[in-house]
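Working notes, structure below.
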Amino acid sequence: MSSYAPILVPIVLISAQSVSRLFLDEDHIVRAGLAYIGWPVMALSIGVWLAYRNIRTPEHRKAATNGWVEDGLRVSAMILVVTGLGGSLSEILKGTPAVEAIAGFFAAYGLPSILLPFVIGIIGNMITGSTTVGVITAGALVAPMLGSLALSPEAAMLSGASGSVIIKYVNSSYFWICTSLSRLPVNDAIFGYGGATLVGGIASFAAVCLMWAVGLV
């Protein structure tokens, strides 16, 4: 059980915080407590602490501490940089005519506005190989245009997420995980796994378009 606790406990805490917002009054003491320990930063910190407790010897703890910090910085560096750049670009777009120009382009050619975050998600994913980067880039760039494009934040995020999972290939770490586990040759994996993600991304986008058309998002 201690092996699963670092994963399960943060999920439970974050979920409990969200549920408490639906059913408890704002000044309720349980909701206030869950708002703190269910805050993702705090919940994940608890998960890290639980994982650290599973290491028994002082030597291994010291080695794990240095290794975890190094691995965490290596994995998160690209996401942090892209998030910062995306947020900065979003603020720049708000102060320029670019928002109106892009919205006008979509209106002039009769393109559905839901298509924009989808395309940005595809571009972000295919350049970096990261689904997370694709979603964050799409959200940051489309955020200042939501009013002009008549898109809800939920619709824009779901559309960007659909684009970010499409066509995984050799620059994606997950592509190599699937390739190594399935023992597929790279050429076969490009068509097999890449084709599966293509179908999945298109099907996801079609579902988002349907929900957007009927007003669910």
Is it the case that over 12 heavy atoms from other parts of the model lie below 6.0 angstrom from the CD1 atom of I29?
no

Please round to the nearest 0.5 Å and tell me the distance separating atom CG of L34 and atom NE2 of H28.
10.0 Å

One should read off an interatomic distance between L158 CG and L151 CG, to the nearest 0.5 angstrom, of 11.0 Å

Co-members of the apolar cluster containing [X] [side chain, <4.5 Å]:
| X | answer |
| --- | --- |
| V199 | none |
| V135 | M157 |
| I7 | I11 |

Name all residues meeting the side chain to side chain contact (heavy atoms under 4.5 Å, CB included) criterion together with [X]; count only those two or more places apart in sequence or in a different chain, and write none if there are none.
| X | answer |
| --- | --- |
| V48 | W68 |
| V12 | none |
| I120 | L116, T137, A138, L141, V142 |
| A43 | P10, L13, I14 |

Residue pairs involving residues 198-217 (criterion ring pair (Phe, Tyr, Trp, His ring centres under 6.0 Å); sequence neighbours excluded)
F118-F205

With sequence neighbours left out, which residue pairs that include part of residues 129-168 fulfil the ring pair (Phe, Tyr, Trp, His ring centres under 6.0 Å) condition?
none

Donor-acceptor contacts, no H, no angles, side chain residues 183-197, under 3.5 Å, sequence neighbours left out:
unit_1 : atom_1 : unit_2 : atom_2 : d
T197   : OG1    : I167   : N      : 3.3
T197   : OG1    : K168   : N      : 3.0
T197   : OG1    : Y193   : O      : 3.2
T197   : OG1    : G194   : O      : 2.8

